[in-house]
Amino acid sequence: MLKNRTTLRNTAFRNTAAALAVVMTLSACATQRDTTTMTPAEKRLYEQSQDFNQTMAEGAVAGVLVGALLGAAIGGRRGAAIGAGAGLAAGLGAGYMVAKQKETYANEEARLDSMVADVRNDNVKLQQLTASARDVIAQDRDRIALVQRELAAGTMKADEAKRRLAAVDQNVAHLQKTIENLKKKVKEYREASNQTRAEKRMNTSSMDAEIAQLEGQVSTLENELNQLVTRRSVTRVG
């Protein structure tokens with residue numbers, strides 16, 4: 001009996017720890033650069049992208065903690081482990097519309113107005129982020145050009161070239177992650193609009209227009225990043 005309890009406790013701990021490890025990995029994805037080596041434009045970019053990159057990790061954290069607490073209340077350690085795992089899945093998959101339905105509004109029109117304001121606010125944030133991203137992309141193009149010149153002149157070794165281009169690669173990875181999360185946000189907004197229109201029989205044209213603008217901004221940013229990725233691949237370093 002004691003052995004079974006010990007095994008169950010260890011399993012519960014491992015499952016909960018595994019769920020939290022996934023959460024920590026998600027959180028770490030948004031911050032992989034040493035801020036002391038960043039340019040002002042890079043610092044702005046990483047700060048401005050936090051809103052878009054932390055949403056999924058924060059939802060997962062809440063899911064793990066709530067799931068573990070509810071599971072523990074129902075089934076002790078085993079319930080905590082099961083609840084943590086289920087909470088992680090729910091936290092990662094929780095949609096925007098689910099969150100809005102939990103909020104209290106005077107009526108459905110007020111709820112829709114709030115959703116329109118959310119998308120509009122993200123459009124403003126993305127405009128600012130894109131401006132910073134363009135500055136960083138320009139800096140990274142200059143870094144790549146300098147490395148190419150010095151490699152061609154024989155004044156730089158491959159190891160040094162790889163070290164200098166590491167910042168470019170990290171910026172690219174960060175922007176790719178940000179764009180991935182932005183696409184998910186666009187999808188959630190569209191699903192919320194479709195659900196509101198279908199279930200509430202409401203006119204969502206204002207929200208749809210904001211969503212289209214957001215999607216367009218994401219597409220533009222992705223295209224500009226892809227140009228940098230192509231330029232980076234030509235160097236054949238790293």
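Between Glu47 and Arg44, none of the side-chain N atoms (NZ, or NE/NH1/NH2) sits under 4.0 Å from a carboxylate O, so this pair counts as no salt bridge. For the pair Lys162 and Asp159, the salt-bridge criterion is not met [side-chain N within less than 4.0 Å of a carboxylate O]. Looking at Arg111 and Glu199, no side-chain N of the basic residue comes within less than 4.0 Å of a carboxylate O on the acidic one, giving no salt bridge. One finds a salt bridge joining Lys184 and Glu180 here, because a Lys/Arg side-chain nitrogen approaches an Asp/Glu carboxylate oxygen to under 4.0 Å.
Between Arg197 and Asn194, the side chains place a donor N or O and an acceptor N or O closer than 3.5 Å (distance only, hydrogens not considered). A donor atom on one side chain and an acceptor atom on the other are found under 3.5 Å apart for Thr39 and Gln139.
Under the 4.5 Å side-chain criterion, counting only non-hydrogen atoms from C-beta, Ile179 is in contact with Leu225. With a 4.5 Å cut-off on side-chain heavy atoms, Asp122 and Lys125 count as touching. The side-chain heavy atoms of Lys200 and Leu112, taken from C-beta on, include no pair separated by under 4.5 Å. Between Gln217 and Gln127, some side-chain heavy-atom pair lies under the 4.5 Å cut-off. Within the 4.5 Å cutoff, no side-chain heavy atoms of Gln213 are placed close to those of Arg120. Side chains of Tyr105 and Lys100 form a contact here, defined as non-hydrogen atoms less than 4.5 Å apart. Gln170 has its side chain out of reach of Met38: every pair of non-hydrogen atoms, C-beta onward, lies at least 4.5 Å apart. Within the 4.5 Å cutoff, the side chain of Arg143 has heavy atoms near those of the Asn171 side chain.
The two residues Ile144 and Arg232 make their nearest non-hydrogen contact at CD1-CA, 3.7 Å. Scanning both residues, Asp118 and Tyr189, for their nearest heavy atoms gives O-OH, 3.6 Å. Scanning both residues, Arg190 and Ile211, for their nearest heavy atoms gives NH2-CG2, 3.5 Å. The nearest pair of heavy atoms linking Val237 to Ala158 is CG1-O, 4.2 Å. Of all heavy-atom pairs between Ala192 and Tyr96, the closest is CB-CD2, 3.7 Å. Closest approach of Met207 and Val116 over heavy atoms only: CB-CG2, 3.7 Å.
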CA sep, side-chain torsions, deciding dist, call: Leu165, Thr235, side chain to side chain contact (heavy atoms under 4.5 Å, CB included): CA-CA 10 Å; Leu165 292 178; Thr235 64; 3.9 Å; yes
Residue pair Met115, Glu210: steps toward the side chain to side chain contact (heavy atoms under 4.5 Å, CB included) verdict: CA-CA 10 Å; Met115 292 193 292; Glu210 291 291 340; over 6 Å; no
Side chain to side chain contact (heavy atoms under 4.5 Å, CB included) evaluation trace for Met97 with Glu191: CA-CA 8 Å; Met97 190 59 181; Glu191 289 173 350; over 6 Å; no
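From Thr196, atom OG1 reaches atom CD of Gln101 across 8.0 Å, with rounding to the nearest 0.5 Å. The distance from atom OG1 of Thr178 to atom CG of Asn53, rounded to the nearest 0.5 Å, is 3.5 Å. Distance CG/Asn181 to CZ/Phe52: 10.0 Å, rounded to 0.5 Å. Atom CD of Glu222 and atom CG of Leu175 lie 11.0 Å apart (nearest 0.5 Å). Put simply, CG on Asp34 and CD on Glu42 are 11.0 Å apart, with the number rounded to the nearest 0.5 Å. The structure places CG of Asn121 at 8.5 Å from CG of Asp51, a figure rounded to the nearest 0.5 Å.
Listed for the Ser219 side chain is no donor-acceptor partner under 3.5 Å among the backbone atoms of Glu215. Remark: side-chain polar atoms of Thr130 are paired, donor with acceptor, to backbone N or O of Leu126 under 3.5 angstrom. Asp208 contributes no side-chain N or O that, together with a main-chain N or O of Ser193, makes up a donor-acceptor pair within less than 3.5 Å.
Qualifying side-chain hydrogen bond (donor to acceptor under 3.5 Å, both in side chains) partners for Glu160, counting only residues two or more places apart in sequence or in other chains: Arg163, Arg164.
Placement of Leu146 and Val168 in two distinct hydrophobic clusters is found when ILVMFWY residues are connected by side-chain heavy-atom separations under 4.5 Å, directly or transitively.
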